[in-house]
Amino acid sequence: MLKFLILILLSILGAVAGENYFYGLNYGVNQDACPSYENIKADFEQIKKYTNRVRTFSLSVCNEGALALQAANELGMNIYLGMWIDRPDTFNSEIAALKNILANSQQQSLDKIDAIIVGSEVLYRKDTDENTLANWIGTVGDLVKPKGISVTTADVYYEFPPVVVEKLDFLMMNAFPYWEGVTADQGASTLMDHYDSVVQKANGKPVRISETGWPSSGGNFGASVASPANQKLYLSNVLCVTRQRNIDLIYFSARDEPYKDGVEAYWGVMNSDFTLKSDLPATLLANPC
């Protein structure tokens, strides 16, 4: 009996151990070294210490969509499933993966899916035109909306033409003041200016921030300096203002990604081994203001 009570207590403590310091965190994978299901689940267990929501970037590459959804379901986490589309052939691969996920809904619940994100910065990279993207979003919407799943796209703050906005349930904007060459102390106000500009284009639809962050190391960009101190300053200011304004923010990124080049490797809240960066303690995440 005592052993049974101890197990129950440990289960309760495990359930409450995590804190929702973030609305969500972005999670990328090394496409040249695809993670197993066990790897993804272990990663999500670490992410869950800081948020109950994760965003991925592809369905078909590494079979990430199905594996990530399975891990989210087992851990009771919410998930934004991203579709990586940059050409008609990649769209077709992602649609095929999406259909497989929907077809297996009796085995894998769809309830934890916050939305399907049709493309990441497709218009910013000029991978396709706005009408084609709108059509792709419409095609995905026809598949998932009958299942009660929302559909959106994520792009930079100035890439939301009306034909695309019309197809979205809500807007997801990316903005990185670091890449605009501003100082870290100007970063949060710059981000909010961009957010407000997207709100003006949204026709009353909700706007969420799908990516923003600041690197802790690597090269500088104009007046933007990559350093642990500046990452701390930007993160604390952004967490403070988005909480004050009740803005949903998926921070970029959950961890450092050493398989990327240069400064791109150092945007994580956590180190690559999922230890929290020393300049970003839980006390700061809990009380950023």
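- Listed for the Lys205 side chain is a donor-acceptor partner under 3.5 Å among the backbone atoms of Val165.
- Arg55 places a side-chain heavy atom less than 4.5 Å from the side chain of Ser210.
- Arg125 and Asp127 are joined by a salt bridge, as a carboxylate oxygen and a charged side-chain nitrogen come within less than 4.0 angstrom of each other.
- Residues Trp214 and Leu235 are members of one and the same hydrophobic cluster, defined by side-chain heavy-atom contacts under 4.5 angstrom among Ile, Leu, Val, Met, Phe, Trp and Tyr.
- Put simply, the side chain of Leu168 reaches to within 4.5 Å of the side chain of Phe160, judged on heavy atoms.
- Under the 4.5 Å side-chain criterion, counting only non-hydrogen atoms from C-beta, Val241 is in contact with Met192.
- Between Lys260 and Glu257, at least one side-chain N (NZ, or NE/NH1/NH2) sits under 4.0 Å from a carboxylate O, which counts as a salt bridge.
- Under the 4.5 Å side-chain criterion, counting only non-hydrogen atoms from C-beta, Ile117 is not in contact with Leu81.
- With Val140 as the fixed residue, the side-chain contact (heavy atoms from CB on, under 4.5 Å) test singles out one of Val151, Thr153, Thr152: Val151.
- The two residues Met83 and Ile95 have their closest heavy-atom pair at CE-N, 3.9 Å.
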Could you walk me through whether Gln108 and Asn73 pass side-chain hydrogen bond (donor to acceptor under 3.5 Å, both in side chains), step by step? CA-CA 7 Å; Gln108 283 296 324; Asn73 276 325; 2.9 Å; yes
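- To the nearest 0.5 angstrom, Thr128 atom OG1 is 8.0 Å from Ile85 atom CD1.
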Criterion side-chain hydrogen bond (donor to acceptor under 3.5 Å, both in side chains) on Glu121 and Asn174, from CA distance to verdict: CA-CA 8 Å; Glu121 299 187 348; Asn174 298 348; 3.0 Å; yes
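- The heavy-atom pair separating Pro146 from Gly141 by the smallest distance is CD-O, 3.8 Å.
- Side-chain contact between Thr132 and Phe91: absent, with no pair of heavy atoms (C-beta onward) separated by less than 4.5 Å.
- Heavy atoms from other residues, nucleotides or ligands lying under 6.0 Å from CG of Asp89 number more than 12.
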Applying side-chain hydrogen bond (donor to acceptor under 3.5 Å, both in side chains) to Asn52 and Asn20, what does each step give before you reach the verdict? CA-CA 6 Å; Asn52 203 49; Asn20 283 322; 5.5 Å; no
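- Here the closest non-hydrogen pair linking Trp267 and Lys277 is C-NZ, 4.5 Å.
- Screening Tyr80, Phe57, Phe44 against Tyr27 for a ring-ring contact (aromatic ring centres under 6.0 Å, His included) leaves a single residue, Phe44.
- With a 4.5 Å cut-off on side-chain heavy atoms, Ser216 and Leu280 do not count as touching.
- Atom CG in Asp114 sits 8.5 Å away from atom CE in Met172 (nearest 0.5 Å).
- For the side-chain contact (heavy atoms from CB on, under 4.5 Å) criterion with Tyr195, the lone passing option out of Leu249, Thr190, Ile209 is Ile209.
- Residues Leu191 and Tyr124 are members of one and the same hydrophobic cluster, defined by side-chain heavy-atom contacts under 4.5 angstrom among Ile, Leu, Val, Met, Phe, Trp and Tyr.
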Go through it in stages, so that I can follow the logic: the residues are Glu211 and Ser120, the test is side-chain contact (heavy atoms from CB on, under 4.5 Å), and I'd like the CA-CA distance, side-chain angles, deciding distance and then a yes or no. CA-CA 10 Å; Glu211 291 181 42; Ser120 177; 3.7 Å; yes
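- Val118 and Leu171 fall within the same hydrophobic cluster, where Ile, Leu, Val, Met, Phe, Trp and Tyr residues are linked whenever their side-chain heavy atoms come under 4.5 Å apart, directly or through other members.
- Note that CG of Leu98 and OG of Ser93 are 12.5 Å apart. Values are rounded to the nearest 0.5 Å.
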Could you please spell out the steps behind the salt bridge (Lys or Arg N to Asp or Glu O under 4.0 Å) verdict for Asp273 and Arg255? CA-CA 8 Å; Asp273 63 357; Arg255 62 167 169 173; over 6 Å; no
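- In this structure, Asn220 contributes its side chain and Ala226 its backbone to a donor-acceptor pair below 3.5 Å.
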Working note: Arg87 + Thr90, criterion side-chain contact (heavy atoms from CB on, under 4.5 Å); need CA distance, chi angles, decisive distance, verdict. CA-CA 5 Å; Arg87 303 182 307 270; Thr90 56; 3.4 Å; yes
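- For Ser60 and Glu94, the side-chain atoms include at least one donor-acceptor pair closer than 3.5 Å.
- Atom OH of Tyr37 is separated from atom CD of Glu64 by 14.0 Å, given to the nearest 0.5 angstrom.
- Ser224 OG to Tyr234 OH: the interatomic distance, rounded to the nearest 0.5 Å, is 10.0 Å.
- Between Tyr251 and Tyr23, the distance from one ring center to the other does not fall under 6.0 angstrom.
- Applying the 6.0 Å contact sphere to NZ of Lys99 captures no more than 12 heavy atoms from other residues, nucleotides or ligands.
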As a quick check of understanding, evaluate salt bridge (Lys or Arg N to Asp or Glu O under 4.0 Å) for Asp196 and Arg245, giving each step before the final call. CA-CA 11 Å; Asp196 290 335; Arg245 295 187 55 177; 2.6 Å; yes
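- Residue Val225 is not grouped with residue Leu233 when hydrophobic side chains (ILVMFWY) are merged at heavy-atom distances under 4.5 angstrom, including chains of intermediate members.
- For the pair Pro215/Ser217, no side-chain contact is recorded, criterion being any heavy-atom separation below 4.5 Å from C-beta on.
- Cation-pi geometry between Arg53 and Phe22 is not met: the NZ or CZ atom fails to fall both under 6.0 Å from the ring centre and inside 45° of the normal.
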Residues Met270, Tyr50; criterion side-chain contact (heavy atoms from CB on, under 4.5 Å); working and verdict: CA-CA 10 Å; Met270 292 174 273; Tyr50 308 103; 3.6 Å; yes
Given the rule in the side-chain contact (heavy atoms from CB on, under 4.5 Å) test, do Tyr158 and Ser197 qualify, once you have shown the distances and angles that lead to the verdict? CA-CA 8 Å; Tyr158 51 83; Ser197 73; over 6 Å; no
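- Relative ring orientation between Phe176 and Phe252 is described as perpendicular, the plane-to-plane angle rising above 60° on a 0-90° scale split at 30° and 60°.
- Between Pro228 and Asp279, the closest heavy-atom pair is CB-OD2, 3.4 Å.
- For the pair Met173/Val207, a side-chain contact is recorded, criterion being any heavy-atom separation below 4.5 Å from C-beta on.
- A pairwise comparison of heavy atoms in Leu25 and Ala254 identifies CB-CB, 4.1 Å as the closest pair.
- Rounded to the nearest 0.5 Å, atoms OG (Ser278) and CG (Asn271) are 7.5 Å apart.
- Of all non-hydrogen atoms in Lys41 and Leu75, the two that sit nearest each other are O-CD1, 3.7 Å.
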Assess the residue pair Glu19 and Tyr21 against the criterion (side-chain hydrogen bond (donor to acceptor under 3.5 Å, both in side chains)); give the C-alpha distance rounded to whole Å, side-chain angles, the decisive distance to 0.1 Å, and a yes or no. CA-CA 6 Å; Glu19 295 286 348; Tyr21 298 123; 5.0 Å; no
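- Using cut-offs of 30° and 60° for the angle between ring planes, the Phe221 and Tyr178 rings count as tilted.
- Phe274 and Ile250 are members of different hydrophobic clusters when ILVMFWY side chains are connected at heavy-atom separations under 4.5 Å.
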